[in-house]
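Letters go in sequence order (proteins before strands), and every chain restarts at 1.
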Protein chains: 2
Amino acid sequence: MAVPSPPASPLFLREDEIRRGVELLYFGYSNLTNSIDAGLATLGLGRAHHRALYFISRQPDLTVSELLKLLAITKQSLGRVLTELIEREYIETRPGQRDRRQKLLRLTASGAALEAELFRALREKMAAAYAQAGQGSVTGFWRVLEGLIPVEDLSMVAGLRSGG
Amino acid sequence: MAVPSPPASPLFLREDEIRRGVELLYFGYSNLTNSIDAGLATLGLGRAHHRALYFISRQPDLTVSELLKLLAITKQSLGRVLTELIEREYIETRPGQRDRRQKLLRLTASGAALEAELFRALREKMAAAYAQAGQGSVTGFWRVLEGLIPVEDLSMVAGLRSGG
DNA sequence: GAGATGGGACAGCCATATTGACGTATATAG
DNA sequence: CTATATACGTCAATATGGCTGTCCCATCTC
């Protein structure tokens, strides 16, 4: 294969692939998150509420500080969301057993029902995308996304599975 | 392989894979977009400005209505961002040649320089993720994301390449 | 000339994030 | 036991980036 000469800069040649990834990630993310907005709006809730519900559902008895790390927002921002969700009885709290300063967060029955309903829209979209792309693609999808996440955060994300 | 019985519901069994995708997409997207916030903040710009710069860079002589479709926001929201970028001379406009009501959007030299600088951060992150995941994974990454984007929007996204 | 379209603008609103300071309960180290 | 750190909450003020509704002008198209 007598290819004349290698590219001057691999980074430059890959620019189009990079931009393609950036754009697909933007539109894919947007479309997925948009898919639950209507459901949230009927309840007067926003995406911030959903994120809290989602992670608490995923990892019951999560503490406030753990949730703060996952969401990467300030205590004040989370506070409003959490207060609202507790008032509406989607979430309930208990003091921690080892450390009674902690508040363990957990969905109520209606909170779990709401999360499940919202998740249905996510599942439909994601399942359709998985099916269309094929299982081999799904692994690649995960791997690239993992590469976008700093190493120190990956354990946190993985913890949603094991540590829950 | 005498596996006893198939799962009651394939959707249920796949729930974990779906959630994994949702979570990686959330954290991956967040980390990528966060990576340019510092650069934007030093200039007093926000992500909305970057999105406009990005798409105009990608498709010079884009019209306002085309940009509106890409960003999926209202004219008013875009107006503020665009006005600011024009005032700061990152963007310039010309009337359309066929339709003089149109405004064709284009980066100035300093706008192009800014976009390139911001893109550098995106490129580094994305290139590292691609490299770590391997080229086979990149295709899968694209395919799944394409599956998340409604068919009617895909041509618009593809147009960033051909129609630019 | 009539109506549709591309673009812009005003006023006001809302959701979600921020910072900084401060307070209280509990845990833990000396 | 005291000191300090931690977990959580809260006040006040602010910024960003969306939204709606209404109205406007220029231009294109029929």
Side-chain angles (χ1 to χ4, degrees), chain A residues 26 29-30 33-34 36-56 61-88 91-106, chain B residues 26 29-30 33-34 36-56 61-88 91-106:
Chain A
Y26 171 69
Y29 179 83
S30 297
T33 55
N34 284 344
I36 58 165
D37 285 353
L40 286 167
T42 65
L43 298 168
L45 298 174
R47 289 185 188 171
H49 302 93
H50 175 247
R51 286 196 285 269
L53 283 175
Y54 182 94
F55 286 119
I56 294 170
D61 286 342
L62 199 66
T63 66
V64 171
S65 62
E66 285 168 337
L67 185 53
L68 276 174
K69 276 180 200 159
L70 282 166
L71 295 174
I73 57 176
T74 58
K75 211 171 23 166
Q76 290 74 4
S77 298
L78 179 57
R80 269 176 304 124
V81 169
L82 235 39
T83 301
E84 240 179 308
L85 290 172
I86 291 169
E87 274 170 4
R88 297 195 189 198
I91 289 178
E92 59 191 10
T93 69
R94 291 181 307 162
Q97 68 288 49
R98 291 171 308 195
D99 185 337
R100 289 185 341 221
R101 291 171 305 178
Q102 295 179 328
K103 268 186 168 177
L104 306 185
L105 302 165
R106 195 173 260 282
Chain B
Y26 171 70
Y29 178 83
S30 297
T33 56
N34 284 344
I36 59 165
D37 285 354
L40 286 167
T42 63
L43 298 168
L45 297 174
R47 289 185 188 173
H49 301 94
H50 176 248
R51 286 195 285 269
L53 284 175
Y54 182 95
F55 286 120
I56 295 170
D61 286 341
L62 200 66
T63 66
V64 171
S65 63
E66 286 169 337
L67 185 52
L68 276 174
K69 275 180 201 158
L70 282 165
L71 295 174
I73 58 176
T74 59
K75 209 169 28 163
Q76 291 73 6
S77 297
L78 179 57
R80 270 177 300 133
V81 170
L82 234 40
T83 300
E84 238 179 309
L85 290 172
I86 291 170
E87 275 170 5
R88 298 196 188 196
I91 289 179
E92 59 192 11
T93 69
R94 290 181 307 162
Q97 67 289 51
R98 292 168 309 196
D99 186 336
R100 288 181 345 221
R101 292 171 304 178
Q102 294 180 329
K103 268 186 167 176
L104 306 185
L105 302 165
R106 195 173 260 281

- Query: Does A/Arg51 have a side-chain nitrogen or oxygen under 4.0 Å from the phosphate oxygens OP1 or OP2 of C/dA15?
  - Reply: no

- Query: Starting at CD1 of A/Ile73 and ending at P of D/dT16, how long is that distance when rounded to a whole Å?
  - Reply: 19 Å

- Query: So, is A/Ser65 near the phosphate of D/dC8, with a side-chain N or O under 4.0 Å from OP1 or OP2?
  - Reply: yes

- Query: Is a side-chain N or O of B/Ser77 found less than 3.5 angstrom from the main chain of B/Ile73, in a donor-acceptor match?
  - Reply: no

- Hey, which sits more toward the 5' end of DNA chain C by its nearest nucleotide, B/Leu82 or A/Gly44? B/Leu82

- Message: Could you tell me how far apart A/Arg100 (CZ) and C/dT28 (C1') are, to the nearest whole angstrom?
- Response: 14 Å

- Query: Going by an N to O cut-off under 4.0 Å, is there a salt bridge joining B/Glu84 and B/Arg88?
  - Reply: yes

- Sugar-phosphate only, base, or nothing, as touched by B/Gly46 at under 4.0 Å among non-hydrogen atoms: sugar-phosphate

- From the list D/dC8, D/dG18, C/dT26, which nucleotide is the closest neighbour of the side chain of B/Arg80? D/dG18

- Whole-Å distance between C/dA17 C1' and A/Arg47 CZ? 14 Å

- Query: Rounded to whole angstrom units, what separation is found between the NE2 atom of A/His49 and the C1' atom of C/dA15?
  - Reply: 9 Å

- Message: Any side-chain to backbone donor/acceptor pair from A/Glu66 onto A/Thr63? Under 3.5 Å, distance only.
- Response: yes

- Query: Side chain of B/Thr74: nearest nucleotide among D/dC19, C/dG7, D/dG18?
  - Reply: D/dC19

- Note on the structure: From CD1 of B/Ile91 across to P of C/dG7 the rounded distance in Å is 13 Å

- Query: With a 3.5 Å cut-off and just heavy-atom distances, do the side chain of A/Arg98 and the base of C/dA27 make a donor-acceptor pair?
  - Reply: no

- Query: A/Leu67 CG to D/dA7 P: how many Å, rounded?
  - Reply: 14 Å

- Would you kindly give the CG-to-C1' distance between A/Leu45 and C/dC14, to the nearest whole Å? 14 Å

- Item | Check: B/His50 and B/Leu45 side chains under 4.5 Å, non-hydrogen atoms | no

- Donor-acceptor pair under 3.5 Å: do we get one between A/Lys75's side chain and the base of D/dG9? yes

- On DNA chain C, check which nucleotide each of A/Val81 and B/Gln102 is closest to and give me the residue with the more 5' one. B/Gln102

- Item | Reported CZ-to-CG distance for the pair B/Arg51 and B/Leu78, which is rounded to 0.5 angstrom | 10.5 Å

- Message: Between the base of D/dG21 and the side chain of B/Gln76, is one N or O donor paired with an acceptor at under 3.5 angstrom?
- Response: yes

- Within the structure shown, what part of the strands sits under 4.0 Å from B/Ser77 by heavy-atom distance: base, sugar-phosphate, or nothing? base

- Message: Quick check for you: among D/dT20, D/dG17, C/dT26, whose closest atom lies nearest to any side-chain atom of A/Arg101?
- Response: C/dT26

- Task: Report the distance from atom CG of B/Leu40 to atom P of D/dA15, rounded to the nearest whole Å.
- Result: 18 Å

